[in-house]
Colleague: 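Pasting in a structure now, in structure tokens, and then I'll have a few things to ask.
Letters go in sequence order (proteins before strands), and every chain restarts at 1.
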Amino acid sequence: MAKEYNFREIEKKWHERWAEWQIYRVTEDASKPKFYVLNMFPYPSGAGLHVGHPLGYIASDIYARYKRQKGYNVLNPMGYDSYGLPAEQYAIQTGQHPETTTFRNIDRYREQLDKIGFSFDWSREVRTCTPDYYHWTQWAFRKMFDSFYCNSCRKACPIEELVKHFEEQGSENLDVAQSEELSFTAEEWNAWDEKKKSDVLMNYRLAFLGETMVNWCPALGTVLANDEVIDGVSERGGYPVEQKRMRQWCLRVSAYSQRLLDGLETIQWSESIKETQKNWIGRSEGTEMRFRISGTDEEFTIFTTRADTIFGVTFMVLAPESELVKKVTVEEQKEAVEEYLKQVKARTERERMIDKRVTGVFSGSYAVNPFTGEDVPIWISDYVLAGYGTGAIMAVPAHDSRDYAFARHFNLPVIPLIEGADVSKESYDAKEGIVTNSPRNREAQTAGEGLVLNGMTVKEAIAATKKYVSEHGLGRVKVNYRLRDAIFSRQRYWGEPFPVYYKQGIPTMIPEECLPLELPQVENFLPTETGEPPLGNAKIWAWDEVNRKVTDKALIDEKTVFPLELFTMPGFAGSSAYYLRYMDPGNPKALVSKEADEYWKNVDLYVGGSEHATGHLIYSRFWNKFLYDLGVSCVEEPFQKLINQGMIQGRSNFVYRIKETNTFVSLGLKEQYETTPIHVDVNIVKNDVLDIEAFKQWRPEYATAEFILEDGKYVCGWAVEKMSKSMFNVVNPDVIVENYGADTLRLYEMFLGPVEQSKPWDTNGIDGCHRFLKKFWMLFWDKEGQLQADDSKPTAENMKSLHKLIKKVSADIEEFSYNTSIPAFMVATTELSQQRCRSRRVLEQLVTLIAPFCPHIAEELWEALGHETSVCDAAWPEWDDKYLVESVVKMPVQFNGKVRFTLELPVDMPKEEIEKAALSAPDAARHLEGQQVVKTIVVPGRIINIVVKPA
RNA sequence: GCCCAGAUGGUGGAAUUGGUAGACACGAGGGACUUAAAAUCCCUUGGCCUAACAGCCGUACGGGUUCGAGUCCCGUUCCGGGCACCA
């Protein structure tokens with residue numbers, strides 16, 4: 001009897017053995033180099049895992065196992081991002097408490113993950129919703145509150161330093177990140193009361209309370225961060241989002257804009273993600289210029305990247321929210337302006353996006369162009385954003401399409417400044433060409449005497465204007481970033497509570513010793529449309545408890561009960577530094593110990609979806625940079641290399657019902673009838689052929705269905721769609737594991753295509769991978785089911801097949817092209833099988849090679865080969881080019897000055913020798929001496945390819 | 001509108017980075033074994049022409065560089081992703 005590949009038994013056995021051996025537990029080990037592999041941890045959603053989820057986990061698990069075999073001490077942890085909107089929405093929809101559903105979902109996830117055979121060190125698991133974890137989320141927030149960002153030293157510093165500065169110099173000589181530029185003296189500062197000082201400090205803290213325009217989502221009952229809003233609706237649920245002015249906790253992410261940008265140059269991420277982040281940060285170099293309001297001494301500042309177009313300014317525009325609006329609005333225009341402001345306010349973000357009509361109103365005032373002395377009208381329009389630059393612009397309709405549209409609509413003049421630019425139909429926006437009309441005539445130039453741009457290229461003109469402006473005190477060179485501060489509070493229940501209480505209205509941090517501040521139990525955790533936080537429903541005792549804890553320690557001076565902050569933190573709070581916690585998960589004294597952090601440093605390989613490009617991947621980098629400034633994290637960038645696995649889409653199947661009947665027609669014949677396509681569960685379809693009996697039982701209304709078949713089969717149609725329950729195209733990995741085994745699932749997920757590419761799941765091809773594993777298995781057993789490994793010397797052919805495979809697989813794993821390794825395994829298996837390879841040495845190495853991909857079968861065979869330890873610790877084999885004839889370098893050679901050769905020579909011939917020999921060779925034969933010609937390729941013309949093999 | 005990535009058989013996808021395009025797998029067709037089915041194994045499978053050998057055409061489209069282009073350059077079309085009154 002041949003020995004059967006009983007994957008169910010094998011996988012069960014090894015799951016138990018791994019648990020018993022604690023094989024995946026890692027500790028810091030200075031004798032080995034470290035390697036940190038990390039997956040983006042999942043939200044434990046109610047639907048459980050589908051086959052798309054494990055894709056990235058499998059890819060990283062293969063890498064982790066490979067690195068371990070290469071001798072690294074590998075950290076490969078897993079945990080759950082269990083606070084936040086998705087978990088809470090699921091709880092609300094199913095009418096349960098989020099804590100109940102979250103923990104149940106986690107258990108379900110764990111069960112599913114365990115079946116796939118990952119090498120996670122579960123002893124390091126973290127859950128963001130447990131107090132011993134969010135202790136450190138609150139702790140970091142506290143630290144941010146107590147810090148400001150110093151621009152000149154390019155780092156976060158303790159707020160005490162800033163207070164000291166204020167006491168001594170007021171706001172003089174300050175170069176720090178701030179919400180708005182404030183100006184006060186030391187005397188003023190010292191005279192202010194606590195409340196006022198607190199308010200002023202909010203302008204500088206890295207975590208601060210800010211009165212800002214927020215994305216308010218009434219349906220979700222909470223505010224959302226910019227990255228959580230897509231096309232004017234919420235990312236979760238697609239509910240409408242409106243702009244609302246609210247007092248919110250914010251993180252001063254913008255302080256780190258430049259460092260976030262610079263850091264991108266030091267990490268190995270895909271170009272597209274880096275590009276996305278660069279766009280999101282949106283650095284733009286320009287000039288700030290001051291304009292005087294005509295007839296007054298008042299000045300205001302604008303920002304422009306096209307300082308060279310100063311002579312083409314025909315009007316100015318203020319954002320409707322700008323504080324200047326009041327100042328510039330004259331009596332006669334007051335009514336019109338107020339009407340316009342009302343109108344703007346009534347429009348939601350979404351309406352503004354869809355309807356891009358040109359709107360605006362004249363303020364009645366004029367600004368003086370500092371270069372020409374001309375008066376230009378000041379307008380108010382919502383095409384200028386309050387939050388970017390200074391909320392005011394100089395409009396140059398000839399060279400900016402938005403200004404152009406505005407000018408044409410309100411009939412304002414257009415003055416072209418580039419030679420040959422035709423602005424009769426549209427503006428000329430390109431930053432190229434020769435400048436003219438600048439200035440238009442000498443007399444017009446009063447204040448700006450000396451600045452002549454005519455004849456310059458646009459680039460030269462920008463530089464010249466910048467120089468002139470800063471030298472003459474008309475403004476300054478300025479870099480602006482589009483990156484906004486993150487809104488950090490949510491009016492929801494299921495999140496980290498803020499470690500904040502209000503002392504006489506002053507937001508105050510709960511002392512470090514009193515952390516964590518635990519989330520209280522509440523009866524009603526539903527969000528409200530008005531924004532009243534559900535934490536307000538907490539029973540008094542829960543809050544009292546916290547207060548007592550704080551007061552008993554005499555850490556606050558009065559025995560009064562102070563109100564606590566009722567907002568909770570957003571989903572990204574817990575996921576921003578979890579990779580540090582994995583290094584030292586149980587530590588009650590610190591987020592991570594110095595020793596653990598210095599050993600593991602940062603994540604070497606991070607695997608996850610690209611949808612987090614402007615969310616988690618920005619926040620985490622910001623958070624880590626802050627901790628780096630604090631000296632908590634010893635590496636500035638948290639994720640050295642990033643791989644974005646593609647999404648697995650669903651492959652839906654359809655049946656075609658003939659209209660108004662219960663008869664279904666097969667795909668090939670459907671054109672003859674009028675039909676309606678209906679989604680059919682992909683689990684009752686195999687290779688697009690419908691299981692008719694299963695279909696009849698699927699739904700009661702199909703029990704009596706009739707079918708028009710082709711070739712005796714019912715063939716279904718198919719389409720690629722999102723994997724979702726409603727499309728009946730969800731494939732559960734448990735089912736695959738049950739039918740084919742985890743090793744087949746792992747192999748097939750990788751075989752499906754490049755890891756980084758999105759692709760539909762199609763169970764059809766899985767048989768091929770399963771067949772391969774059977775063949776692989778049979779390589780080791782004879783007809784009687786006996787292990788057929790002996791100590792015979794491997795043949796040259798054996799070695800060639802093996803080393804070809806080692807080389808290919810090693811290179812593929814390093815490059816994450818697992819999909820091309822699998823064919824190599826198939827070819828090698830076939831070759832070794834044909835060669836009737838029995839050599840223990842060869843078979844053992846073969847097992848170690850497949851171990852990262854299919855650990856269960858590898859363990860079983862490794863044990864059968866007589867090993868008592870796990871294959872996880874078997875050394876990764878090295879290849880030797882001497883066995884590889886195909887491994888060659890190609891080198892074009894000039895032959896007799898006329899003929900070119902491409903010589904394919906073994907790699908082990910030193911490069912210098914080839915070159916020397918080739919260049920001096922009177923004929924090619926000299927290279928071929930003592931070597932056997934295996935293949936000669938003569939391309940019509942003059943090219944010869946020669947493949948040689950050492951004799 | 002701007003930026004990024006891509007387009008190869010019926011399908012998923014290979015191609016040592018400028019050197020015999022289509023590896024490997026699926027699907028399809030044919031065959032062996034079997035009472036039969038499953039499983040397993042073998043052969044064929046880009047298109048056209050041919051009895052066959054051979055030959056010609058083929059990597060979205062149009063040009064170019066090169067002895068030689070799926071690969072490099074220029075232009076066009078299409079699909080995907082990101083940003084978007086960001087001055």
Colleague: By nearest atom, which of the nucleotides B:U40, B:C85, B:C24 is closest to the A:Asp382 side chain?
Modeller: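 Selected nucleotide: B:C85.
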Colleague: Could you tell me the separation between the CZ atom of A:Arg651 and the P atom of B:C26, rounded to a whole number of Å?
Modeller: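 That distance rounds to 15 Å.
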Colleague: Does B:C41 have a Watson-Crick or wobble partner in any strand here, with both distances under 3.5 angstrom, and which is it?
Modeller: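 The answer is B:G31, by the H-bond criterion.
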Colleague: Roughly how many Å apart are B:C48 and B:G10, using the P atom of each and rounding to a whole number?
Modeller: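 That atom pair is separated by 10 Å.
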Colleague: For the pair made of CG in A:Asp812 and P in B:A23, what is the distance, rounded to whole Å?
Modeller: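 In whole Å, B:A23 P and A:Asp812 CG are 17 Å from each other.
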Colleague: Counting only Watson-Crick or G-U wobble pairs whose two distances fall under 3.5 Å, which nucleotide matches B:C78?
Modeller: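 Across all strands, the one nucleotide that pairs with B:C78 is B:G6.
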Colleague: Quick one: look up who B:A21 pairs with, Watson-Crick or G-U, both distances under 3.5 Å, and put none if it's unpaired.
Modeller: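 Partner of B:A21: none.
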Colleague: Using the C1' atom on both, measure B:U65 against B:A7 and round to a whole Å.
Modeller: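 Rounded to whole Å, the distance is 23 Å.
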Colleague: Flag the pair A:Ile58 / A:Tyr818 as yes when at least one side-chain heavy-atom distance between them is below 4.5 Å, and no otherwise.
Modeller: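 They are not in contact (no side-chain heavy atoms under 4.5 Å apart), so the answer is no.
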Colleague: Does B:C53 pair with anything, Watson-Crick or G-U wobble, both distances under 3.5 Å, and if so, with which nucleotide?
Modeller: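 In the structure as shown, B:C53 has no Watson-Crick or wobble partner.
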Colleague: Can you measure A:Tyr818 atom OH to B:G13 atom C1' for me and round it to whole angstrom units?
Modeller: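 Interatomic distance, OH of A:Tyr818 to C1' of B:G13: 18 Å.
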Colleague: Whole-Å distance between B:U16 P and A:Lys807 NZ?
Modeller: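 To the nearest whole Å, that distance equals 13 Å.
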Colleague: Using a cut-off of 4.0 Å on non-hydrogen atoms, how would the nucleic acid contact of A:Val827 be classed: base, sugar-phosphate, or nothing?
Modeller: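 Touches sugar-phosphate only.
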Colleague: Evaluate the side-chain proximity of A:Asn729 to A:Trp761: yes if any heavy-atom separation is below 4.5 Å, no if none is.
Modeller: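 No; the side chains remain at least 4.5 Å from each other.
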Colleague: Using the side-chain heavy atoms of A:Phe751, tell me which of these nucleotides is nearest: B:C26, B:G82, B:C24.
Modeller: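 Per side-chain heavy atoms of A:Phe751, the pick is B:C24.
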Colleague: When the C1' atoms of B:G22 and B:U77 are considered, how many whole Å apart are they?
Modeller: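 About 25 Å, rounded to a whole number of Å.
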Colleague: Tell me, do A:Ile692 and A:Leu709 make a side-chain contact under 4.5 Å, heavy atoms counted?
Modeller: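 Yes, at least one pair of side-chain atoms sits under 4.5 Å.
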Colleague: Just call it for A:Pro760: base, sugar-phosphate, or nothing, with non-hydrogen atoms closer than 4.0 Å on any strand.
Modeller: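 Result for A:Pro760 = nothing.
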Colleague: Between A:Arg306 and A:Ile822, which has a closest nucleotide on RNA chain B that is more 5'?
Modeller: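 The residue whose closest nucleotide sits nearer the 5' end is A:Ile822.
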Colleague: Is B:U17 in the syn range, within 90° of 0, or in the anti range?
Modeller: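 With its glycosidic angle within 90° of zero, B:U17 counts as syn.
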Colleague: Roughly how far apart, to the nearest Å, are B:C73 and B:G18 at atom C1'?
Modeller: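 That atom pair is separated by 13 Å.
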Colleague: Tell me whether the OP1 or OP2 atom of B:A87 has a side-chain N or O from A:Tyr383 closer than 4.0 Å.
Modeller: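 Result: no.
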Colleague: Looking at B:C83, B:G13, B:A87, which one has an atom nearest to any side-chain atom of A:Trp280?
Modeller: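 Between B:C83, B:G13, B:A87, the one nearest the side chain of A:Trp280 would be B:C83.
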Colleague: Would you say the side-chain atoms of A:Asp812 and A:Thr820 include a donor-acceptor pair closer than 3.5 Å?
Modeller: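 Present: a donor and an acceptor within the cut-off.
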Colleague: Which class fits the ring pair A:Phe311 and A:Phe371: parallel under 30°, tilted 30 to 60°, perpendicular over 60°?
Modeller: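 A:Phe311 and A:Phe371: perpendicular rings.
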Colleague: Please tell me which of the listed nucleotides, B:A14, B:C83, B:A87, lies nearest to the side chain of A:Pro754?
Modeller: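 For the A:Pro754 side chain, the nearest candidate turns out to be B:A14.
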Colleague: Between A:Leu752 and A:Glu275, just flag the one whose closest nucleotide in RNA chain B comes earlier from the 5' side.
Modeller: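 The residue whose closest nucleotide sits nearer the 5' end is A:Glu275.
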Colleague: Considering Watson-Crick and G-U wobble pairs with both distances under 3.5 Å, what does B:G68 pair with?
Modeller: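 Paired with B:G68, as far as the under-3.5 Å criterion goes, is no nucleotide at all.
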Colleague: Picking from B:C85, B:A87, B:C41, which would you name as closest to the side chain of A:Arg771?
Modeller: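 Minimum distance to the A:Arg771 side chain belongs to B:C41.
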Colleague: In whole Å, I'd like the distance from the CZ atom of A:Phe776 to the P atom of B:C24.
Modeller: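 For the pair A:Phe776 CZ and B:C24 P, the rounded distance is 18 Å.
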Colleague: Would you kindly give the OH-to-P distance between A:Tyr388 and B:A87, to the nearest whole Å?
Modeller: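 Atom OH in A:Tyr388 sits about 4 Å away from atom P in B:A87.
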Colleague: Tell which nucleotide pairs with B:G1, taking only Watson-Crick or G-U wobble pairs whose two distances are both under 3.5 angstrom.
Modeller: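 B:G1 is paired, partner B:C83.
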Colleague: Over all strands shown, is A:Asn819 touching base, sugar-phosphate only, or nothing at heavy-atom distances under 4.0 angstrom?
Modeller: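 Sugar-phosphate, backbone atoms only, no base.
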Colleague: Using the six-membered ring of A:Trp280, assess whether NZ or CZ of A:Arg621 lies under 6.0 Å from its centre and within 45 degrees of the ring axis.
Modeller: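 Ring-cation test returns no.
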Colleague: Taking syn as within 90° of 0 and anti otherwise, name the glycosidic form of B:G9.
Modeller: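 Syn conformation here, the glycosidic angle of B:G9 being no more than 90° from 0.
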Colleague: Nearest to the A:Asn279 side chain among B:C24, B:C83, B:A14, which nucleotide is it?
Modeller: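 Of B:C24, B:C83, B:A14, B:C83 is nearest to the side chain of A:Asn279.
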Colleague: Classify the nucleic acid contact of A:Arg484 as base, sugar-phosphate or nothing, counting any heavy atom under 4.0 Å across all strands shown.
Modeller: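 It contacts base atoms.
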Colleague: Do A:Glu288 and A:Thr390 have a side chain donor and acceptor closer than 3.5 Å?
Modeller: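 Checked: A:Glu288/A:Thr390 side chains show no N/O donor-acceptor pair below 3.5 Å.
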Colleague: With P as the reference atom in both, quote the distance from B:A60 to B:G13 in angstrom, rounded to an integer.
Modeller: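 Result for the P pair: 15 Å, nearest Å.
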Colleague: Expressed in whole Å, how much space separates the P atoms belonging to B:C33 and B:C26?
Modeller: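 23 Å, rounded to whole Å.
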Colleague: Can you tell me if A:Ser254 and A:Tyr481 form a side-chain donor-acceptor pair at under 3.5 Å?
Modeller: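 Their side chains do not contain a donor-acceptor pair, so the 3.5 Å distance test is not met.
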Colleague: For B:G13, does OP1 or OP2 lie under 4.0 Å from any side-chain N or O of A:Gln757?
Modeller: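 For B:G13, OP1 or OP2 has a side-chain N or O of A:Gln757 closer than 4.0 Å.
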Colleague: Taking only the side-chain nitrogens and oxygens of A:Ser284, find out if one of them lies under 4.0 Å from OP1 or OP2 of B:A87.
Modeller: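 For A:Ser284, the contact criterion (side-chain N or O under 4.0 Å from OP1 or OP2 of B:A87) is met.
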Colleague: Could you state the NZ-C1' distance from A:Lys783 to B:U40, rounded to the nearest angstrom?
Modeller: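 Taking atom C1' of B:U40 as the reference, NZ of A:Lys783 is at 12 Å.
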Colleague: Pick base, sugar-phosphate or nothing for A:Ile393, based on heavy-atom distances below 4.0 Å to the nucleic acid.
Modeller: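 Answer is base: heavy atoms of A:Ile393 come under 4.0 Å of a base.
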Colleague: Please measure how far the C1' atom in B:A21 lies from the corresponding atom in B:C57, and state the result in whole Å.
Modeller: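 14 Å, rounded to whole Å.
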Colleague: CD of A:Glu611 versus P of B:C83: gap in Å, rounded?
Modeller: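 The answer, rounded to whole Å, is 12 Å.
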Colleague: If we take the P atom in both B:G31 and B:A37, what is their distance in whole Å?
Modeller: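 Comparing P positions in B:G31 and B:A37 gives a spacing of 12 Å.
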